[in-house]
Amino acid sequence: MTIFSVFFADGPDGRRCSWRLVALFALINSLVLFNAIWHDPSISYDASAHLSNALALSEGRMPTSRDGVEFFSPPLPYLPAAMAMAVGRWMGAAPKEAFFNGAKVGQVGNVIWSLLLTWGLLSVGQRLERRSPQPVSDAALSWGDGQIRIGMLGLILLLPVYFKTFAMIRGEPAVAALAVLAVDQILRSVDRGRYGIWRGLALGVTLGLLALGRQWGVLLLPAAVLATWAAWRRERPAADPSARRCVLAMALAATLATALVGGWFYVRLHQVYGSCTAFNRPLRSLALANHAPSFYLDPAWDELLTTPVRPAFAMRMLPIMWSEIWGDYWGYWVVYSRDDRFPNGRYLDGIQFQDALAVLRQQATANQSPTIVMPSWLHTNYLTMPAYLGTVNALAVVPGALLLTCFVMACRRAGVFVRQSFCRSFASSFSVADLAMTLVVTMTLVTVAGYMVFLIRVPPESEGDTIKAAYLLQVLVLLAIPWGIGWRQAWKIHPRFARWLAVLIFMITIHNAPLLVTRFLRFWY
C-alpha cells in the first residue's frame, strides 16, 4: 500500500481516486497552512513561555524554570522553531528578527503534524472499510466506499479547536498526530498478524515521541498494553507456535524504544526538580472539594448561548470547555483586539484585553457612565463576536449529540471486545473495527480521567485558566474514528436519514466556517 492509496475508494465504476477525500484532505491542511503563516505567534496560551523554551533550545540548552513557566514541557514541539532561530542568528539576523522568524517556522512546522494526522486517519479509515461489510444501498455506493474516511475528515472540519491549536507553538498538535499514527501502526500489525522486533521498535519510537510531545501523550500508553493483550489472545499457539513469541518480542521492543526515546526527559525532570510530574504551581491533594460544585456541574446556559467569551461563567468547567471546542472563549483566535497606539498596531491577547477592559470599566464608573466607551485606539470585535459564538454553541448541540452517540456506541463495542478477549473463541470472532473502537475508548477515558486529576490538583490562577480544549485535542481527533464508523452505519441502515443529516452537518460547517481562520493576522517579520 502506497501513501497515496488512502485516497482511493471502491465506487460504482470500480476503484479510483476519490475527489471528495482529496478535497477534504487539501482543504483541512490548506487552512492549517494559512493560519500558520498569518497567525501572530505571540497570540497563544502562554506564548512567551513556549517561545522561551524554543529560544533556550536554540542556544543548545534545556529550558529551566528561569526561562518561563513552561520549563516542564517536553522539547519535541519546539525543535523546528529552535533550529530556525539558531540558523537565523548564524546567518547574521538581528536577535528580534531571528526570534520572530523562528517562531513562524515553528508554526509552519505544525502543518507537517497536520498532514501526518489526516493521512493517519485516512489510513485507519481505509483499513476499517476493507474489514467491514460493504454498504448495501445504492445511495451509499454513489458516494463510493469511503464513508468512514469522509466522516472522519468531516469531523475535523467541524472543530475550530483543531485549527486554533495547530496555529500555536505547543505540544498538542504533535501529540494528536502521533496518537493517530500509533493507532494506525497497532491496527496494521494486529490486522495482518505481523509482529516482530522491528515493528515493535517503530511503534516504540512513535510512543516515545508521544511522551516528548506533551505529558498528555503518556496517558495514551495504556491503550498499547490493551492492544498487546488482544494480539496475545488472538494468536493461538495451536495454529502458530511462534506467534505469541513474536507478539512478546514486539511488545518488549516497543517498551524499550519508548523508554529510550521518551523516558530520558522525565528522568531529567526527576533529577532536577524532584518529580517526573514537575509543574509551575504547587499541587493540591486529590479531592473534589478543591473546587465548588458549580465548577463541575454548572452549565451556565444563559451566557453559554449569548456571550460565551471571558469573563462569562468564570470557573465553570462545562461551559468553558464547550465554548473552547466550538469557539474562542479565552480570546486567542477570532475574538481579537488591537492597540493602535503602537507603531503598526499591537495585538492584545485575551488576558491583555481584559486588563485594558478593566481600566475602561473603572473610567466608566468614575465618570458615572452606564456603558463602556471603546477608545479610538482600541480596535476589537469583542462587542459583536459573542452573539455569533452563542449561535455557534447552540448549533454545536447537533454534532455534539452525534459525537456522544458514536462514543456510546464505541463503548458498547469495546465492552464486548474486552469481554470476548477472555473467551476461547476470541480468535474467530476478532474484529479490527472493534479493536479500533476499544483503543479509542481506552485512550479517551484514561486521558479524560488524567485531565480531571490535573484540574482537581492544579489550582487555577484566575477564571479557570487550566480549562482548555487544546489539552484534549488528541481525544477529539481520535473520536473521528467512531464518528466515521457511525457515519457509514447511517448510510447503510437509513440512506434518507443520512442524506438529510449530511445536509444539516454541511450547513453547520458553512455557518461555523469563519471560526476556521484566525483574526490575529501577521505575516513574516
Side-chain angles (χ1 to χ4, degrees), residues 28-29 31-33 35-36 39 41 44-47 49-54 56-58 62-63 70-85 102-121 123-124 156 159 161-186 202-221 223-224 257-258 260-266 269 443 446-447 450-451 468-480:
I28 290 170
N29 292 293
L31 288 170
V32 172
L33 177 60
N35 292 318
H39 184 70
S44 171
Y45 311 121
D46 302 313
H50 287 290
L51 292 174
S52 294
N53 281 8
L57 290 170
S58 74
M62 292 295 294
E70 290 292 332
F71 64 91
F72 60 88
S73 295
L76 179 63
Y78 310 118
L79 292 181
M83 290 187 290
M85 290 177 187
K104 270 296 167 190
V105 171
Q107 288 177 286
V108 175
N110 282 344
V111 178
I112 298 176
W113 292 122
S114 181
L115 289 169
L116 291 174
L117 187 153
T118 47
W119 181 90
L121 284 177
S123 179
V124 170
I156 299 299
L159 296 173
V161 65
Y162 179 90
F163 301 94
K164 174 169 56 178
T165 308
F166 270 81
M168 302 175 178
I169 300 177
R170 49 188 306 114
E172 285 78 14
V175 171
L178 291 166
V180 172
L181 292 178
V183 170
D184 182 48
Q185 286 178 281
I186 291 171
L203 177 60
V205 169
T206 302
L207 297 177
L209 292 175
L210 258 174
L212 286 182
R214 189 76 167 170
Q215 277 81 351
W216 311 116
V218 178
L219 299 175
L220 305 178
L221 298 181
T258 302
L260 291 177
V261 173
W264 65 269
F265 177 78
Y266 297 91
L269 283 183
M443 291 177 170
V446 173
T447 302
Y451 180 62
K468 295 185 177 74
Y471 294 156
L472 296 178
L473 180 64
Q474 64 274 17
V475 166
L476 294 172
V477 298
L478 286 171
L479 289 178

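In this chain, numbering begins with 1 at the start of the sequence shown.
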Go through the structure and list residues passing side-chain hydrogen bond (donor to acceptor under 3.5 Å, both in side chains) with [X], not counting sequence neighbours.
| X | value |
| --- | --- |
| Tyr162 | Ser114 |
| Asp46 | none |
| Ser52 | none |

Any [X] side-chain heavy atom under 4.5 Å of [Y] side chain:
| X | Y | answer |
| --- | --- | --- |
| Val205 | Leu209 | yes |
| Ser73 | Tyr78 | yes |
| Tyr45 | Lys164 | yes |
| Val175 | Leu473 | no |

Discussion item. Around atom CG of Leu115, are there more than 12 heavy atoms from other residues, nucleotides or ligands closer than 6.0 Å?
Written reply: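 More than 12 heavy atoms, drawn from other residues, nucleotides or ligands, come within 6.0 Å of this atom.
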
Give me the atom names and distance for the closest heavy-atom approach of [X] to [Y].
| X | Y | value |
| --- | --- | --- |
| Ala211 | Val218 | CB-CG2, 4.1 Å |
| Ala177 | Trp113 | CB-O, 3.3 Å |
| Ala470 | Val161 | N-CG2, 4.0 Å |
| Glu70 | Asn53 | O-ND2, 2.7 Å |
| Gly120 | Val180 | C-CG1, 3.5 Å |
| Ala176 | Val477 | CB-CG2, 3.9 Å |

Worksheet entry | Pairs flagged by salt bridge (Lys or Arg N to Asp or Glu O under 4.0 Å) wherever residues 174-183 is involved - sequence neighbours left out | none

Worksheet item: Quick one: salt bridge (Lys or Arg N to Asp or Glu O under 4.0 Å) pairs with a partner in residues 169-178, sequence neighbours left out?
Response: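 For residues 169-178, and leaving out neighbouring residues, the salt bridge (Lys or Arg N to Asp or Glu O under 4.0 Å) pairs sorted by first residue read Arg170-Glu172, Glu172-Arg214.
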
Discussion item. Could you tell me if Gln185 and Thr206 have a donor-acceptor pair between their side chains, going purely by distance under 3.5 Å?
Written reply: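 Per modelled atom types, Thr206 and Gln185 side chains form a pair under 3.5 Å.
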
Worksheet item: Is a side-chain donor-acceptor pair under 3.5 Å present for Asn29 with Thr118?
Response: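 Yes.
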
In Å, rounded to the nearest 0.5 Å, how long is the span from [atom1] of [X] to [atom2] of [Y]?
| X | Y | atom1 | atom2 | answer |
| --- | --- | --- | --- | --- |
| Gln107 | Asn35 | CD | CG | 9.5 Å |
| Ile169 | Leu51 | CD1 | CG | 5.0 Å |
| Leu219 | Gln474 | CG | CD | 8.0 Å |
| Ile156 | Leu31 | CD1 | CG | 12.5 Å |
| Leu478 | Leu121 | CG | CG | 8.0 Å |
| Thr258 | Leu203 | OG1 | CG | 6.5 Å |

Practice prompt. For Lys104 and Ala81, indicate whether the former's side chain and the latter's backbone hold a donor-acceptor pair under 3.5 Å.
Written response: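 Not at all, since once roles are kept as given, no pair shorter than 3.5 Å links the two residues.
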
Worksheet item: Quick check: does any side chain N or O of Asn110 sit under 3.5 Å from a backbone N or O of Met168, one acting as donor and the other as acceptor?
Response: yes

Fill in: Aromatic ring proximity, centroids under 6.0 angstrom, Tyr471 and Trp216
yes

Fill in: Sole residue of Leu33, Ile28, Val32 in side chain to side chain contact (heavy atoms under 4.5 Å, CB included) with Phe166
Val32

Discussion item. Set out, in order, the CA-CA distance, both residues' side-chain angles and the distance that settles side-chain contact (heavy atoms from CB on, under 4.5 Å) for Leu220 and Leu178, then state yes or no.
Written reply: CA-CA 10 Å; Leu220 305 178; Leu178 291 166; over 6 Å; no

Discussion item. Going by the rule ring pair (Phe, Tyr, Trp, His ring centres under 6.0 Å), which residues pair with Tyr266 if we only count those two or more places apart in sequence or in a different chain?
Written reply: none

